[in-house]
Amino acid sequence: MSDNRAIGQFGPKTEDISIEFGKKAGLTALKLAKRLNYYALDSGKSADELALLQKKIDEGKSAYILGFNPAFHNTNVALIKVTKKNGIELICNEEEERYSGKKHDHRYPKNSLESVISRIETLKQNGEEVNIDAIATGWDYIGATAFAAKSASEHYPESRQTIIPNRAPEANIRRIFQGFTSLGRARRKLHLGNNFPIIASSHHDNHAAASYALSPFNAQDNVIVTVIDGYGDDGSITVFNSNKSNRLEKVYENKSLFDSLGVMYSVLSSGIGGWKRLSSEGRLMGLAAYGNNNRKTTGPEKDQQENLYYKQLKEAVLIKKSADDKGNGIIQINRNLINVCREGVLKPWSESLIDILGEPISERQLRNPDDKSDERQKIINSPKKPDFQDYADKAAAVQMLFEDAIEHIVEYQIRKTGSNKLVMTGGTALNCVASMRLLQKFDKAWYQDNGFGDEGLHLWIPPFPSDSGAAAGAAYNLAMKLNLDTLGEPLQHAFYVGQKPKSEDILDAIKPNKWWKAIRHSRNYGYIDLSADENIGKMDVDENGYFIKNEKLEKIADFLAFLVSKGQIVGLYQGEGETGPRALGHRSILLDPRNKDARNIINERIKNRAIYRPAAPFGTLESIQEYFEIPKGLSDPNDQYNALRYMVVAAKAKNEEKAIRDIPGVIHKDGTGRIQVVDPNTDPFTHEYLKAFGRYTDGIEISINTSLNVNSPIVQTPEQALHVLRDAPGMLGLLMIGDDGHAYMAYHNESGTQKNGRTDNSEKINRLYMEWSAHLPNN
């Protein structure tokens with residue numbers, strides 16, 4: 001590490017030129033948009049459309065708004081229902097990656113749109129009158145054109161190349177053009193006609209709208225909402241505050257692509273770890289726990305010394321201070337260190353940054369961590385490697401720098417407003433370690449010491465803070481411009497992708513009824529029809545489609561818990577899929593947390609990923625409270641522990657010695673676990689599984705929950721779910737539950753042979769089934 005000091009470049013070099021280029025590009029985009037019947041949300045045409053929507057809901061009718069996010073990464077489509085009395089109801093939020101099997105899919109969301117159309121047909125069959133009354137897009141492609149042109153000329157002439165696709169693969173002129181051309185395609189598919197107006201809705205406004213309206217704070221004023229991500233269509237950091245009309249007012253916007261904390265974290269994490277962006281960020285966060293997390297020297301021992309990478313890397317972010325040294329809430333990135341502003345992602349590290357961190361892994365060498373055939377994944381795969389600690393220290397430095405910046409932004413807003421309610425959204429809100437640090441910093445004592453009341457900070461993060469929530473955000477943003485009596489009920493669960501799998505589709509996937517289908521997929525599965533057992537039966541379903549908690553449900557959940565308590569690895573596939581990047585009990589792989597080797601088993605025998613990646617716990621509220629420290633700001637009974645339902649915070653073990661003794665499989669290197677509380681009202685089956693698991697484990701109602709996928713997005717269809725069983729040789733079986741309550745335990749049936757590491761599990765699972773069923777009351 002060199003002692004060289006980088007000269008700071010904060011802000012654009014050629015600002016006048018960039019503003020002029022942005023204006024010209026925006027005017028050109030505006031002309032194109034008009035020809036496409038695409039209008040900005042603040043335009044006269046949009047006002048006319050809002051007036052028609054208002055008239056409809058004032059007449060007591062329901063309005064349906066489609067959120068449409070057809071370009072950039074994580075394309076998706078959402079549908080909401082709006083009534084004056086009941087406010088806004090999220091019907092579905094379809095993510096294209098779940099159907100295509102391509103993570104962060106950037107392609108036109110044809111499968112998602114098909115799924116929404118199918119959902120509309122189901123609603124019509126149930127007697128609802130459903131018409132698409134308005135469409136809003138997840139990005140404002142008019143504004144994005146101007147913003148891209150402005151950004152590409154901020155360091156003219158070098159910065160011209162930053163809009164070229166290979167320099168900006170996630171955000172470039174081709175993606176913007178894709179957004180424009182998708183409008184007509186969607187109209188045709190929905191049979192709306194070319195004159196149907198589509199509303200351009202600002203990306204950060206969208207993130208904020210859905211996140212606030214779905215939060216437990218949605219009927220309250222003086223709520224801080226931060227949107228911090230890679231980039232939007234007019235900035236990368238935006239802050240809102242709710243007013244007494246339960247609407248959001250924008251109080252800050254940095255209007256900069258290159259002062260982006262998301263971009264900074266992304267290029268540093270990919271350069272250090274060698275993972276592709278959008279996959280690198282979470283991996284670096286997990287790696288950071290193994291590094292030196294000291295911000296300053298606290299003693300003479302080696303583990304008490306300051307992280308020297310952090311000491312020098314602090315030059316990368318300018319945290320602006322005001323006269324009273326309390327800060328003004330603004331951060332800027334040193335563009336002489338983070339070089340994205342000149343050469344995009346092909347050379348995002350400057351020579352000065354290389355002096356600090358060493359040579360990065362280049363763009364051409366980045367590997368897809370979800371490609372199991374890519375041997376380069378072993379670069380940073382083991383803490384036993386001689387240079388692992390150096391990698392981990394770099395990761396820790398980046399994580400600490402990011403936390404400092406987030407803390408600065410939030411502290412200024414608290415001091416400015418006196419608020420103790422914070423909604424965080426944008427992709428960086430998935431950094432669960434930084435989120436928990438905010439709660440630890442701005443606790444009750446801090447608020448009291450600074451004269452802001454007797455309560456600490458209360459935090460809520462939606463399950464889809466990243467662009468997987470952009471379509472829902474667009475629909476909500478438009479609906480919140482209407483005069484409604486309420487914004488609607490706070491979000492209670494995350495199960496909004498697709499519809500419940502039908503039993504016939506599950507059976508058809510396990511045992512294809514066409515010979516060519518069986519050959520095409522080259523698979524051989526067996527299954528136990530649990531519902532056919534006269535001592536169990538088919539689970540009952542209520543009028544809302546929820547499984548009813550009774551003896552039938554309890555028996556099937558008990559069998560699942562029995563298998564996991566015996567050390568088996570079992571998948572769970574039920575109901576609609578989770579929206580957002582976390583599996584929350586509908587598309588999950590379950591393991592026993594008492595197994596200290598569970599993390600290695602997941603990473604090596606199931607997911608083929610770096611062995612330092614943590615395993616996450618989910619459990620009943622009582623067990624999570626027993627083992628983890630839950631800050632007041634996450635456990636307020638007034639919001640029914642809503643903030644704990646989406647696995648977006650990392651909590652410290654309450655008694656680390658006890659936790660490591662009882663549930664070592666879910667305690668990370670830093671003594672934390674990324675926790676989820678399962679709600680019995682919205683997911684009765686998974687909750688009963690946890691209760692049953694506790695009966696087999698002396699009261700430990702906590703299970704390891706990792707997503708049901710292998711080198712793919714979280715699965716959606718029955719066939720995709722079985723592909724996980726095929727590709728994860730460590731799994732015993734997969735419990736698949738149909739919409740009518742039928743339950744099937746699928747397993748490998750390889751006729752006694754081994755194939756690609758898979759074994760014939762028929763004898764084992766049937767033996768375990770007989771052992772379990774022998775204890776049923778009726779036997």
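Atom set for the values below is all heavy atoms of this structure, side chains included, hydrogens, waters and symmetry mates excluded. Start at 1 with the first residue, then count along the sequence.
By the 4.0 Å N-to-carboxylate-O rule, E95 lies close enough to R98 to be salt-bridged with it. Taking the charged nitrogens against the carboxylate oxygens, K81 and E128 do have a contact shorter than 4.0 Å, which makes a salt bridge. Ionic pairing of K416 and E411 is not present here: no N-O contact between side-chain nitrogen and carboxylate oxygen is shorter than 4.0 angstrom.
For the residue pair E249 and N241, no side-chain donor N or O sits within less than 3.5 Å of a side-chain acceptor on the partner. A donor atom on one side chain and an acceptor atom on the other are not found under 3.5 Å apart for R107 and Q178. For T122 and Q499, the side-chain atoms include at least one donor-acceptor pair closer than 3.5 Å. Between the side chains of N76 and S468, no donor-acceptor pair of N or O atoms lies under 3.5 Å.
Within the 4.5 Å cutoff, side-chain heavy atoms of H104 are placed close to those of S279. At a threshold of 4.5 Å between non-hydrogen side-chain atoms, the residues D140 and D234 do not count as touching. Counting only heavy atoms from C-beta outward, the side chains of V497 and E578 never approach each other to under 4.5 Å. No side-chain heavy atom of N206 sits less than 4.5 Å from a side-chain heavy atom of Y476. When side chains are defined from C-beta on, L183 counts as touching T137, because their heavy atoms get closer than 4.5 Å. Residues T28 and T145 fail the side-chain proximity criterion, which asks for heavy atoms closer than 4.5 Å. Using a 4.5 Å heavy-atom cutoff, the side chains of N642 and W460 are in contact. For the pair F240/V227, a side-chain contact is recorded, criterion being any heavy-atom separation below 4.5 Å from C-beta on.
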Candidate pair Y99 and E94, rule side chain to side chain donor-acceptor pair (under 3.5 Å), full reasoning: CA-CA 9 Å; Y99 300 95; E94 304 290 354; 2.6 Å; yes
side-chain contact (heavy atoms from CB on, under 4.5 Å) between L32 and F180, worked out: CA-CA 8 Å; L32 173 61; F180 279 118; 3.9 Å; yes
Stepwise side chain to side chain donor-acceptor pair (under 3.5 Å) check, S270 with S280: CA-CA 5 Å; S270 61; S280 64; 4.8 Å; no
side-chain contact (heavy atoms from CB on, under 4.5 Å) evaluation trace for K102 with E97: CA-CA 5 Å; K102 179 180 173 63; E97 68 167 28; 5.8 Å; no
Check against side-chain contact (heavy atoms from CB on, under 4.5 Å), E154 and R335: CA-CA 11 Å; E154 286 192 358; R335 302 180 186 197; 2.7 Å; yes
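Note: H207 and H203 have perpendicular aromatic rings, judged against thresholds of 30 and 60 degrees for the angle between ring planes. Ring pair Y231/F72 is perpendicular by interplanar angle, where above 60° counts as perpendicular and below 30° as parallel.
A donor-acceptor contact shorter than 3.5 Å is absent between the side chain of D221 and the backbone of K244. Side-chain atoms of N254 come within 3.5 Å of backbone N or O of I237 as a donor-acceptor pair. Of the possible polar contacts, one joining the E281 side chain to the L278 backbone as a donor-acceptor pair under 3.5 Å is found. Of the possible polar contacts, one joining the K150 side chain to the K255 backbone as a donor-acceptor pair under 3.5 Å is found.
Because its NZ or CZ atom is both nearer than 6.0 Å to the ring centre of Y108 and within 45° of the ring axis, R185 counts as a cation-pi partner of that residue.
When all heavy atoms of P109 and V77 are compared, the pair lying nearest together is CG-CG2, 3.8 Å.
For D58, the side-chain hydrogen bond (donor to acceptor under 3.5 Å, both in side chains) partners two or more places apart in sequence, or in a different chain, are Q54. Partners of E114 under the side-chain hydrogen bond (donor to acceptor under 3.5 Å, both in side chains) rule, at least two apart in sequence or in another chain, are K189.
Rounding to the nearest 0.5 angstrom, the gap separating the OG1 atom in T417 from the CD1 atom in I224 is 3.5 Å.
Checked against L491 for a side chain to side chain contact (heavy atoms under 4.5 Å, CB included), the options P463, S211, S215 give a single hit: P463.
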